[in-house]
Amino acid sequence: MLQGKNIVLGICGSIAAYKSASFVRLLIKSGANVQVVMTPDATNFITPLTLSTLSKKPVLVDYFIPETGEWNNHVELSLWADLFIIAPASANTLAKMANGLCDNLLLAVYLSAKCMVYFAPAMDLDMWKHDATQDNISKLQSFGNIMIPPGNGELASGLHGEGRMAEPEEMIAFLLADIKKKLPLADHKILVTAGPTYEAIDPVRFIGNYSSGKMGFAIADELARLGADVTLIAGPSAQKSKQHTVKRIDVTSAAEMLDACLQHFDESKACIMSAAVADYTPAVVAEQKIKKQDANFSLDLKKTTDILGVLGTRKKAGQVLVGFALETNNEEANAIGKLQRKNLDFIVLNSLNDEGAGFKKDTNKITIIDSKLQKTAYQLKSKDEVAHDICQKVIELIKG
Ligand code: CTP
């Protein structure tokens with residue numbers, strides 16, 4: 001969840017600043033881009049060199065750097081930031097933040113920040129308990145800032161009590177839990193299918209199709225990014241999930257995909273069926289390799305179960321069911337037929353007549369048709385962007 005996030009880390013003058021080195025390392029390890037901003041006092045507790053080495057960026061302390069004539073633009077910095085974390089946050093800085101004072105770069109970044117602001121207090125127990133500090137904290141929380149609560153234990157003064165800054169690992173866990181909680185699909189289980197199915201003819205041959213699984217994997221990744229608990233049922237595919245939270249279940253045939261879907265559908269808030277499921281499967285699978293004989297050869301095929309159709313009959317109020325239609329002619333009429341027959345909330349129509357759409361491509365051009373037959377046609381986009389559009393529609397339906 002911190003992957004690729006731009007984080008401004010504000011460090012104040014407190015002995016807890018020694019923990020900042022580990023905290024920066026953990027943020028960098030999580031894939032975040034970290035820009036450290038220190039108050040002048042903080043540089044007495046930990047050197048900017050340590051933090052710039054770990055964050056791989058020069059540390060900023062002053063508005064103006066006389067040696068280079070450069071100006072550290074606090075507005076640009078706050079616009080760059082996805083998150084602003086002040087850790088350690090001293091009693092002095094918290095008081096200034098609560099009252100809009102702005103006498104250093106860190107405070108200027110705070111006052112211009114539009115992103116989420118987290119602060120991790122660090123101070124001695126009596127400073128922490130003081131009414132003035134508690135008032136300042138309440139005021140900061142009423143502004144929408146989030147406190148990473150301090151711990152209880154031995155303090156630098158030798159006293160025991162509340163006021164210790166949370167440990168770096170605890171701060172990371174707090175951030176992840178808080179970010180996840182705010183995501184639009186937090187706590188929703190969502191089922192996605194992707195890729196082709198292979199229907200065995202004999203031990204060495206199968207009937208398959210050209211689906212790469214790219215679209216379904218992109219949807220699963222996007223849903224996970226939006227906080228969903230995603231189960232991805234994948235037919236044979238070389239794709240890999242970018243989001244490590246996606247739970248992948250590998251299947252081969254339409255019958256195996258049906259079983260896996262039935263196991264997970266009831267507990268799912270939504271199901272997006274993007275797999276290219278075989279419509280027919282050999283009536284009998286030969287136990288031995290079939291030898292060539294006559295000039296012509298025919299296979300007896302039987303229909304597979306329409307998984308989406310079955311899920312449509314099981315769908316409960318509040319569940320969202322999404323299907324795909326890949327068409328070459330009478331596109332909209334065919335898609336609407338599938339939408340209604342399978343009791344879907346919306347269908348994603350791809351036309352093979354659209355350049356850049358279809359199997360194996362990195363792009364797709366879709367039209368979404370919902371159960372009220374409202375149509376939204378999208379431009380040709382990357383499959384990641386198309387996944388975003390589809391997931392936004394899912395969110396719209398889940399949120400009602
Ligand atoms: N689907 C399914 N089970 C099947 C076949 C398809 O769940 N046995 C799902 C696909 O994942 C997709 C949608 O149904 O979401 C596609 O509808 P379908 O009517 O099967 O379309 P086509 O396979 O393209 O078949 P047709 O020949 O009717 O166009």
Side-chain angles (χ1 to χ4, degrees), residues 190-200 206-220 223 230-237 239 249-266 268 270-283 301-315 319-354 357-360 364 366-371 383 386-387 389-391 393-394 397:
I190 302 195
L191 186 61
V192 181
T193 65
T197 63
Y198 287 178
E199 308 303 319
F206 61 85
I207 300 172
N209 60 63
Y210 292 121
S211 169
S212 62
K214 281 182 184 168
M215 193 66 252
F217 275 71
I219 293 170
L223 290 167
V230 182
T231 299
L232 172 65
I233 299 172
S237 165
Q239 299 300 308
I249 298 173
D250 286 310
V251 296
T252 304
S253 64
E256 285 173 20
M257 189 170 276
L258 171 68
D259 283 349
C261 284
L262 289 177
Q263 267 181 41
H264 291 90
F265 181 67
D266 292 347
S268 302
C271 170
I272 303 172
M273 191 80 203
S274 75
V277 187
D279 289 324
Y280 289 91
T281 190
L301 301 178
K302 63 176 185 194
K303 254 194 176 158
T304 56
T305 304
D306 181 345
I307 304 171
L308 196 51
V310 170
L311 300 183
T313 62
R314 288 173 74 112
K315 190 172 77 169
Q319 275 185 308
V320 173
L321 188 57
V322 180
F324 274 69
L326 177 62
E327 305 292 340
T328 56
N329 60 310
N330 292 331
E331 289 99 331
E332 282 189 17
N334 285 339
I336 290 171
K338 290 175 191 181
L339 170 85
Q340 293 176 332
R341 264 197 316 280
K342 303 186 190 211
N343 190 22
L344 307 181
D345 295 281
F346 70 88
I347 192 152
V348 181
L349 165 63
N350 301 287
S351 168
L352 272 191
N353 295 323
D354 286 326
F359 289 166
K360 286 188 173 167
N364 204 355
I366 61 161
T367 300
I368 287 182
I369 308 176
D370 67 20
S371 55
K383 284 192 170 165
V386 172
D389 292 335
I390 294 169
C391 294
K393 183 75 183 173
V394 171
L397 292 176

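Remember, it's 1-based here, ligands and their atoms both numbered in the order they're listed. Predicted, not measured: the structure shown is a model, and the values here were computed from it.
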So which protein heavy atom does [atom] come closest to, and at what separation?
{"atom": "atom 3 (N) of ligand 1", "result": "I307 N, 3.0 Å"}
{"atom": "atom 18 (P) of ligand 1", "result": "K342 NZ, 3.4 Å"}
{"atom": "atom 6 (C) of ligand 1", "result": "V277 CB, 3.9 Å"}
{"atom": "atom 8 (N) of ligand 1", "result": "T305 O, 2.9 Å"}
{"atom": "atom 27 (O) of ligand 1", "result": "D279 OD2, 3.8 Å"}

Heavy-atom distances under 4.0 Å are what count here, so tell me which part of L311 touches ligand 1: side chain, backbone, both or neither. neither

Could you say whether the N/O atoms of [X] and ligand 1 ever approach to under 3.5 Å?
{"X": "A325", "value": "no"}
{"X": "R341", "value": "no"}
{"X": "E327", "value": "no"}
{"X": "F324", "value": "yes"}

For [X] and [Y], work out which heavy atoms get closest and say how close.
{"X": "N343", "Y": "G312", "result": "ND2-O, 2.8 Å"}
{"X": "I272", "Y": "L223", "result": "CD1-CD1, 3.9 Å"}
{"X": "A325", "Y": "I347", "result": "CB-CD1, 3.8 Å"}
{"X": "E199", "Y": "A278", "result": "CG-CB, 3.5 Å"}

Check each of [options] against [atom] and report the one with the nearest heavy atom.
{"atom": "atom 22 (P) of ligand 1", "options": "M257, K338, K303", "result": "K338"}
{"atom": "atom 9 (C) of ligand 1", "options": "N334, V310, T304, L308", "result": "L308"}
{"atom": "atom 10 (C) of ligand 1", "options": "A255, A275, S211", "result": "A275"}

Give the numbers and elements of all ligand 1 atoms closer than 4.0 Å to a heavy atom of G323.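 In order of numbering, the contacting atoms are 15 (O).
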
Interfacing atoms of ligand 1 (cut-off 4.0 Å, heavy-atom, A278):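 By the 4.0 Å cutoff, the relevant atoms are 8 (N).
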
Side chain proximity check, [X] to [Y], heavy atoms < 4.5 angstrom:
{"X": "C261", "Y": "T193", "result": "yes"}
{"X": "T281", "Y": "I207", "result": "no"}
{"X": "L262", "Y": "L311", "result": "yes"}
{"X": "Y280", "Y": "K303", "result": "yes"}

How far apart are the C-alpha atoms of I219 and C391, what are their side-chain angles, what is the distance that settles it, and do they pass the side chain to side chain contact (heavy atoms under 4.5 Å, CB included) test? CA-CA 7 Å; I219 293 170; C391 294; 4.2 Å; yes

Can we say K315 and D345 salt-bridge, meaning some charged N sits less than 4.0 Å from an Asp/Glu carboxylate O? yes

